Every structure is written in structure tokens, then in C-alpha cells.
Number of protein chains: 2
Amino acid sequence: MDTKTLCLGALSLGDASGYEIKKMFEEGTFSHFYDAGYGSIYPALNRLLTEGLVTCTEVEQENRPLKKVYSMTGTGMAKLKADLSEEPSRDKTRSESIVMMFFSHLIGSAHREEILQSYIDYYRKGVDCIENIDPTGQPFGRQFVRGLGLAVYKAAAKYLEENKDLLLSDEEERDIGDAA
Amino acid sequence: MDTKTLCLGALSLGDASGYEIKKMFEEGTFSHFYDAGYGSIYPALNRLLTEGLVTCTEVEQENRPLKKVYSMTGTGMAKLKADLSEEPSRDKTRSESIVMMFFSHLIGSAHREEILQSYIDYYRKGVDCIENIDPTGQPFGRQFVRGLGLAVYKAAAKYLEENKDLLLSDEEERDIGDAA
DNA sequence: TTGTCTATATATCGAAATGATATATATCAA
DNA sequence: TTGATATATATCATTTCGATATATAGACAA
């Protein structure tokens, strides 16, 4: 599974431009479980075009630049279903915030507080964002994923808030303090 | 922050070979918050060598191939601290399992069950793995991260187990069933 | 003996992704 | 006029990915 598959998935929800698909990854439909940027979305859409899995229509807009709207072909839908029927590979995660908390003995306490507060905010905003999605009438899988995101984000926010003292307390062997 | 920084972080915990560092990403120290493979670890180590941030000693072993053990230099430690003191970029996540659950209306019910069960097992194993790490005497940040991982993994496993009916129930508008 | 599997090790490569940036069409404020 | 914002498409040097290769061993089955 690669960005092509996710673009097909996005288009299975309705025709969209590259920019709109990026929005879905950014702070929308897919944001809490799949990450992709312009540098992979546009090449993926071009590959899908070349392979006949999507079609593309240029649309003129008022007060806005020209827009390319992509649609799935029947072959594209078949490919999406085939990809979804494979064995999933393992989850991939990279969190610089957690790395910094792991090595928090190597950084100053002001930075530590900053990272922690930003991370709490990130999860609280994520909870709000997911809660604002109305699950009514959506496919069961989509409702399930919404609930999973909520459960995880709430648990993370709760833990971060309740255990901040552990992260922020000073260790006797810390070799840099507020002087850093 | 890139794989070089994480390799420096790994070496701040003690000298190690490329293979041992990979193990830390795979099912060890970093596995639930930072992902990296051989294809990025070895080039990163070579770049660190070129830049004088690590040194490397070849060690002969009995019944085992030659091993290259890497150590941090003082410059390497300074670089690690500098990297850890920057603003963290946003978390990156990719979960094919969740993608498949999101589009579960497009796949057969046997595959749905399989994915769900594998995902529950994955989280349950993660909980066991983290619980087996003894937090005693570790830096507070490391203890904090262990607790965060536990909180999140438990919440995910709990949700998955308690809501499996939602994912596995049939929708009237499903256009493929067990025939796929 | 060969093949397969496992574990410990280092390494590589074509394809994909990254992060930053560029460009374009608009609007608005300083 | 410049800078910021929003909507849009696109690109590029660098890094990463996933699979694979190679090496040193040992164990086991055909």
C-alpha cells in the first residue's frame, strides 16, 4: 500500500483535486492514521493517471486558479479493493515530541515544558476535531475508526496531563539545567 | 530531526553496532514511537562517521561475523543535544490496518475479522512488551514515555475488543460480501 | 549433500517519499 | 509595494523504503 492507494481511497469518497486530497490528509478524514504530503500526492496522482486508474478534468473557477479534478475509473476501484484485501504491513510512527521526552534529561526544563504543553494541545485539538465529525450515516468501518481515534487521543491527553510532574521534575544527575 | 539524530540518541545509551541499533527500533527501546530500517540506519551511521560525530571499532567475535561497534564523540553529544532542543515537527503516522478498517465496506468479512484480530494481538503484545520493561532507575523522561505508550496501547486494545461488533457487522449497502 | 530456517552481522539499490520551495490567481491590510 | 492568507499545481536534492544480497555460524529435514 502506498500513497496511490490512499488517493484512490480518497477518490472513492468523491471526486477531488490534489489540493483537496492533501487537505484530507492534513486536518481531515485521514489525518490521524495516514500521513502524506504534496511531494508524494502529486506524483501518485500522475502515476494513477498514466495507469488509467483515474481520469482528470480541468475546471475553471471564479477568482481562483484553474483546478484539476480527479475521478476514479472502474479499474481504479478494482485496484483499491485489491490493495485493501492484502495483508496490512506494520504501523509506522515517528514522533519527535516523544523522542524529546525520552531524552528529556538532555534538554532544559523550559524546552521540556514547552514540548509537553504543545503535545497536550495537539491531542486535545485532535479530540475536538474528531468529535466534530458527525458519525451518523457513515459506514460502520468509518464510525469504528472515529471511535478508535477518540479513544487513543483521549487516553494520551489524559496521561500527559496527569503525569506531567514525572516529566518536569528534576533529576539529580541532570547535566544541564536551565542554563541551556 | 532524522535517523542520524536517533542513532546518536541510541549511542548515548551505550556503544552499539548497526544491527543492535536496528533492534532498538524494531522491538525495543524506540519501537513504539520511532520507526527506522536498515536502509536509513546504515547510511546515517556512515554520514555520522564522515562528520566526526561517531567513531567505529571493528570487533571480532567467536562464531559470529565481524562487528562494527559505534561510539559517540563529544561533538556527537553536542549535536544530539542541539537537535533535541529544536521545535519538534508534527507526529507522522501510517497505519494500513486502520485504512483497511476505514474502508471496511469494500472488503470481505473474513478479511475484516483477520485485520481486527491481528490488530488486537499487535496492541496486546505491545502492552506486554512495554510492561516487561523495568522502569526502576531510568531517567524520568524514559519512565514517562513508557507510561504514555502503555496508556495508549491499552486504550487502543480495549476499544478494539469492545467495539468489534461495530466493525464486523454487515451493512445493507455493502456491495461485496464473503464472495470476495 | 542440499535446502531451509534461524540468528548475528553489514550493505545496497530502484522506487517512493520528504520538506522545502516555486509559481499562479486572488484578496486584504499596512 | 510588500506581506499575509487562501486556493491551486508542481518540483527537486536529499532521505528513506522495502527488498534483497552477502557473510559467518548452527540446527534440522529431505
Side-chain angles (χ1 to χ4, degrees), chain A residues 1-8 10 15-28 30 34-51 54 56-70 83 86-96, chain B residues 1-8 10 15-28 30 34-51 54 56-70 83 86-96:
Chain A
M1 196 187 279
D2 61 3
T3 304
K4 288 196 307 184
T5 306
L6 265 291
C7 288
L8 288 175
D15 296 354
S17 66
Y19 181 82
E20 284 161 351
I21 292 173
K22 173 63 166 73
K23 288 292 181 197
M24 291 169 80
F25 285 111
E26 193 164 283
E27 282 185 8
F30 306 133
Y34 212 93
D35 182 76
Y38 290 123
S40 51
I41 292 171
Y42 282 106
L45 286 171
N46 286 333
R47 292 196 305 269
L48 289 170
L49 257 188
T50 298
E51 292 162 13
V54 302
C56 173
T57 308
E58 293 199 338
V59 176
E60 298 199 1
Q61 301 181 93
E62 260 195 31
N63 294 343
R64 294 230 169 115
L66 205 54
K67 169 153 91 167
K68 282 188 181 175
V69 176
Y70 293 85
D83 285 355
E86 293 179 343
E87 183 175 346
S89 61
R90 59 186 172 83
D91 287 8
K92 317 249 175 69
T93 294
R94 285 193 169 166
S95 169
E96 297 188 359
Chain B
M1 196 185 283
D2 60 3
T3 305
K4 289 196 305 182
T5 306
L6 267 289
C7 289
L8 287 176
D15 296 352
S17 66
Y19 181 82
E20 283 161 351
I21 291 173
K22 174 64 164 76
K23 287 292 180 194
M24 291 168 80
F25 285 110
E26 194 165 283
E27 281 185 8
F30 306 133
Y34 211 91
D35 182 76
Y38 290 122
S40 51
I41 293 171
Y42 282 105
L45 287 171
N46 286 332
R47 291 197 305 271
L48 288 170
L49 258 186
T50 297
E51 291 163 13
V54 301
C56 174
T57 308
E58 291 198 343
V59 176
E60 296 199 2
Q61 303 183 90
E62 260 195 33
N63 294 343
R64 292 228 171 114
L66 205 53
K67 169 154 91 166
K68 282 188 176 174
V69 176
Y70 294 85
D83 284 356
E86 292 177 346
E87 182 176 345
S89 61
R90 61 187 172 80
D91 286 8
K92 318 259 173 62
T93 293
R94 284 189 174 169
S95 170
E96 295 187 1

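Here the structure is a predicted model, which is why all the values come from computation and not from measurement. Worth knowing before you read on, the calculation uses all heavy atoms, side chains too, and leaves out hydrogens, waters and symmetry mates. Naming convention: chains lettered A, B, ... in sequence-line order (proteins, then strands); numbering from 1 in each chain.
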Check the surroundings of atom CD in B:Glu51: do more than 12 heavy atoms from other residues, nucleotides or ligands lie under 6.0 Å from it? yes
Looking at A:Tyr19, I'd like to know if the NZ or CZ of A:Lys67 sits under 6.0 Å from its six-membered ring centre while staying within 45 degrees of the ring's axis. no
What is the nucleic acid contact for B:Lys92, judged by heavy atoms within less than 4.0 Å: base, sugar-phosphate only, or nothing? sugar-phosphate
To the nearest Å, how far apart are B:Asn46 CG and D:dT16 P? 13 Å
For B:Met1 against B:Asp83, the heavy-atom pair lying closest together: CE-O, 4.4 Å
Which part of the nucleic acid, if any, lies within reach of A:Gly18 when heavy atoms closer than 4.0 Å are counted: base, sugar-phosphate only, or nothing? sugar-phosphate
Checking all strands, does B:Ser40 fall into the base, sugar-phosphate, or nothing category for heavy-atom contacts under 4.0 angstrom? sugar-phosphate
Please give, in whole Å, the distance from D:dG26 P to B:Gln61 CD? 13 Å
From C:dA20, C:dA11, C:dT27, pick the nucleotide closest to the side chain of A:Asn63? C:dT27
Pick the nucleotide of DNA chain D nearest each of A:Pro43 and A:Arg64; which residue has the one closer to the 5' end? A:Arg64
Where the side chain of B:Tyr42 is concerned, which of C:dT18, D:dT9, C:dT12 is the nearest nucleotide? C:dT12
Of C:dA9, D:dA8, C:dA17, the nucleotide closest to the side chain of B:Glu20 is C:dA9
Would you name the heavy atoms of A:Leu6 and A:Phe25 that are closest together and state the gap between them? CB-CZ, 3.5 Å
When you measure from the side chain of B:Tyr19, which nucleotide among C:dA7, D:dT9, C:dA11 comes out closest? C:dA7
B:Thr3 near the nucleic acid: base, sugar-phosphate alone, or nothing, with a heavy-atom cut-off under 4.0 Å? sugar-phosphate
Whole Å only: how far is the CG atom of A:Asp2 from the C1' atom of C:dG14? 14 Å
Taking the side chain of A:Arg94 as its heavy atoms from C-beta onward, which of C:dA17, C:dT8, D:dT16 lies nearest to it? D:dT16
Of the listed nucleotides D:dA23, D:dA8, D:dT9, the one nearest the side chain of A:Tyr38: D:dT9
Rounded off to whole Å, could you give me the CD-to-C1' distance for the A:Glu58 and D:dA10 pair? 13 Å
Check the distance between D:dT14's P and B:Met1's CE and give it to me in whole angstrom. 22 Å
Nearest-0.5 Å distance, OG of residue A:Ser17 to CD of residue A:Gln61: 8.0 Å
DNA chain C: 5'-proximal contact among B:Tyr70 and A:Gly37 (nearest heavy atom): B:Tyr70
Ranking D:dT7, C:dT8, C:dT10 by distance to the side chain of B:Pro65, first place goes to C:dT8
Return the value, rounded to whole Å, for the distance between atom CD of B:Glu26 and atom C1' of D:dC17. 15 Å
From the options C:dT10, C:dT8, D:dT9, select the nucleotide whose nearest atom is closest to the side chain of B:Lys67. C:dT10
For A:Lys22 and C:dT18, what is the distance between atoms NZ and C1' respectively, to the nearest whole Å? 12 Å
For B:Glu26, look at atom CD and say whether over 12 heavy atoms of other residues, nucleotides or ligands are found less than 6.0 Å away. yes
Output the rounded distance in Å from CD1 (B:Ile41) to P (D:dT15). 16 Å
